There are 2 protein chains.
Amino acid sequence: MGNTTCNCQDCQLKDIFFSNIKTDELLNICDLKVEKQYSKGESIIQEGDLITEFLYMKEGLVKLSKTAINGKDQIISFSKPFDFVSLLSVFSSSQYKYSVTAIEETTVCILQLSVVKNFAQENALFVMDIMAHISEITDNIIHDNLEIKRKHLKGRIAHVLLYFSDYIYKNDEFELPISRREIAEYIGMTTENVIRTLSEFRKDEIIKIVGKDILIVDKKRLKSISEFG
Amino acid sequence: MGNTTCNCQDCQLKDIFFSNIKTDELLNICDLKVEKQYSKGESIIQEGDLITEFLYMKEGLVKLSKTAINGKDQIISFSKPFDFVSLLSVFSSSQYKYSVTAIEETTVCILQLSVVKNFAQENALFVMDIMAHISEITDNIIHDNLEIKRKHLKGRIAHVLLYFSDYIYKNDEFELPISRREIAEYIGMTTENVIRTLSEFRKDEIIKIVGKDILIVDKKRLKSISEFG
DNA sequence: CGCGGCTTTGATGTTCATCAAGTAAAGTGG
DNA sequence: CCACTTTACTTGATGAACATCAAAGCCGCG
């Protein structure tokens, strides 16, 4: 992790996130801000940590997870910038309820929570903006979970592949940012069956696999499996 | 459904929900408010409806659900007052994303959304309060879904029984407010297997069942099944 | 180089969905 | 209010989907 300064004028999040902040206020907030970099696999937030900072993703890809009583991890969702994943507990709890881990090189901007809270208390539009974002994020999580719940193993794997292809990488060829075990933790199945299903898709020439590199050959069929299989 | 006037001074939600509203503003809002009653099974909100009103539950019990592409319903969660279930989309979308249906006699208070939005825009603390509530609701939904996901059929049924016993009715004896099919829609299993598992619990003398009346006889064992079974 | 974690495949048994068929309960129209 | 229809509930039999156990190859890292 390294710290660098950040020019907020160029920040791609500014327009959406700080649309209600006047320029001079923005400059002030900018001075208090620190950027932090996390490499693949590094923990950004640990479930149970006290919330003292306000984080948002500038770049990268992370997973949101929780450890069950039996010690097993469950992955709740993945997030790229604009999903503002750490927001979920930030105004409603003193502790984080989920862990956030980088699954690709990730850059995070950090403000002291007190600064943001003070600002929020006098700027209802800003809070409404954040609230709208939080609602969107959680709606997506809930919707995704329902979709996974109603599908069988094959449909779930197809769903995950299409998620990374269509939503994250916008490309039929990509490198899976997570392990087979993590896919299993996400869709609630065993690692072995995740592998078996991927192999089956390969044999059926729906995808090509070389290690973590995935190429979707027959997207039509994959979509059909995701919806009905 | 019938309309009656409502004395906001006595409203049990007031302290939590409107803690940031001054008394004279409250009186004003009170005049604009309407109460509506729904009987068991009646639809309160239909997925896709335009959001023109601001609703909150005064009394009762509801289910939150969504219809999948295949036409099958999935139940997301249940809510009693203070859970403010309809809030989920209210500030972030123009349409409801879920359906809300009364599963017990339910009373709802209704305000025009524009009135609340105008008020919110000038009262950051009020918005922060609502946001904290929304976060809590969604955290609970996500947590619950994860718990159900990691459990097997028996554990899921035990989970549901304990949910109604401990959280909703606070009593070891209660009347199930939902059908076997709805339990299946909630935990993502078939109706037949829900019934089979309930019958098994009855045979093992963990519960007693007469129609919809449930009596939990061996709560210790039920908890153990919920956690490890 | 060896250890641990990730990946892969196979064999086996359990869990669960599906199909079928019947009873009970609840709503509907004459 | 009773016949009729529909919906909810229940149990059993069967096969498919999936977890578990086992074993081996692979890769990266200290």
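In what follows, chains carry the letters A, B, and so on, assigned in the order in which the sequence lines appear, proteins first and then strands, with residues in each chain numbered from 1. Being a predicted model, the structure only gives us computed values, none of them experimental.
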Notebook entry, point to check: How far does OG1 of B:T138 sit from NE2 of B:H143, to the nearest 0.5 angstrom?
Noted result: 13.0 Å

Check: Please give, in whole Å, the distance from C:dA17 C1' to B:R196 CZ?
Finding: 9 Å

Next item on the list: Mark yes or no for a side-chain to base donor-acceptor pair under 3.5 Å between A:E182 and C:dC6, with no hydrogen or angle criteria applied.
Entry: no

Next item on the list: Check whether the ring centres of B:Y186 and B:F78 lie less than 6.0 Å apart, and answer yes or no.
Entry: yes

Note to self: Rounded to whole Å, how long is the line connecting atom CD1 of B:I195 with atom P of C:dA24?
What the structure shows: 15 Å

Notebook entry, point to check: When you match A:T191 and B:M189 each to their closest nucleotide on DNA chain C, which lands nearer the 5' end?
Noted result: A:T191

Margin query: Quick check on the helix from C:dC1-D:dG30 to C:dG30-D:dC1: what's the angle between its two end axes, five base pairs per end, to the nearest 10°?
Written below: 50°

Check: Tell me: CD of A:E192 to P of C:dG10, nearest whole Å?
Finding: 14 Å

Notebook entry, point to check: Heavy-atom count around B:K170 NZ within 6.0 Å, excluding the residue itself: above 12?
Noted result: yes

Checklist line | From C:dT8, C:dA17, D:dA19, nucleotide with atom closest to B:T190 side chain | finding: C:dA17

Notebook entry, point to check: Nearest nucleotide by nearest heavy atom, which residue falls closer to the 5' end of DNA chain D, B:R181 or B:N193?
Noted result: B:R181

Notebook entry, point to check: Can you check whether B:K212 has a side-chain N or O nearer than 4.0 Å to OP1 or OP2 of D:dC9?
Noted result: yes

Note to self: In whole Å, I'd like the distance from the CD1 atom of B:I209 to the P atom of D:dT10.
What the structure shows: 7 Å

Check: Checking side chain to side chain contact (heavy atoms under 4.5 Å, CB included) against A:L113, which of A:T52, A:L55, A:I51 comes through?
Finding: A:I51

Next item on the list: Could you pick out which residue, B:K151 or A:L198, lies toward the 5' side of DNA chain C when each is mapped onto its nearest nucleotide?
Entry: A:L198

Note to self: By nearest heavy atom, map B:I178 and B:K203 onto DNA chain D; which one lands nearer the 5' end?
What the structure shows: B:I178

Item checked: Presence of donor-acceptor pair under 3.5 Å, side chain of A:R180 and base of C:dT9 -> no

Checklist line | base_contact_polar (C:dT7 base, A:R202 side chain, donor-acceptor, <3.5 Å) | finding: no

Item checked: Rounded distance (Å) that lies between atom P of C:dA25 and atom CG of B:D213 -> 13 Å

Margin query: Within the structure provided, determine whether A:Q95 and A:D49 are in side-chain contact (heavy-atom separation under 4.5 Å).
Written below: no

Check: Expressed in angstrom and rounded to an integer, what is the separation of A:K40 atom NZ from C:dC6 atom C1'?
Finding: 13 Å

Notebook entry, point to check: Is the NZ or CZ atom of A:K80 positioned over A:Y167's six-membered ring, under 6.0 angstrom from the centre and within 45° of the axis?
Noted result: yes

Check: Is A:K40 atom NZ crowded by more than 12 heavy atoms from other residues, nucleotides or ligands, each under 6.0 Å away?
Finding: yes

Margin query: Just N and O in the side chain of A:S199: are any of them under 4.0 Å from OP1 or OP2 of C:dT9?
Written below: yes

Checklist line | For atom CG of B:L176 and atom P of D:dC9, their distance in whole Å | finding: 9 Å

Notebook entry, point to check: About how many Å separate CD of B:E136 and CE of B:M131, when rounded to the nearest 0.5 Å?
Noted result: 13.0 Å

Notebook entry, point to check: Rounded to the nearest Å, what distance is computed from the NE2 atom of residue A:H152 to the P atom of nucleotide D:dA16?
Noted result: 14 Å

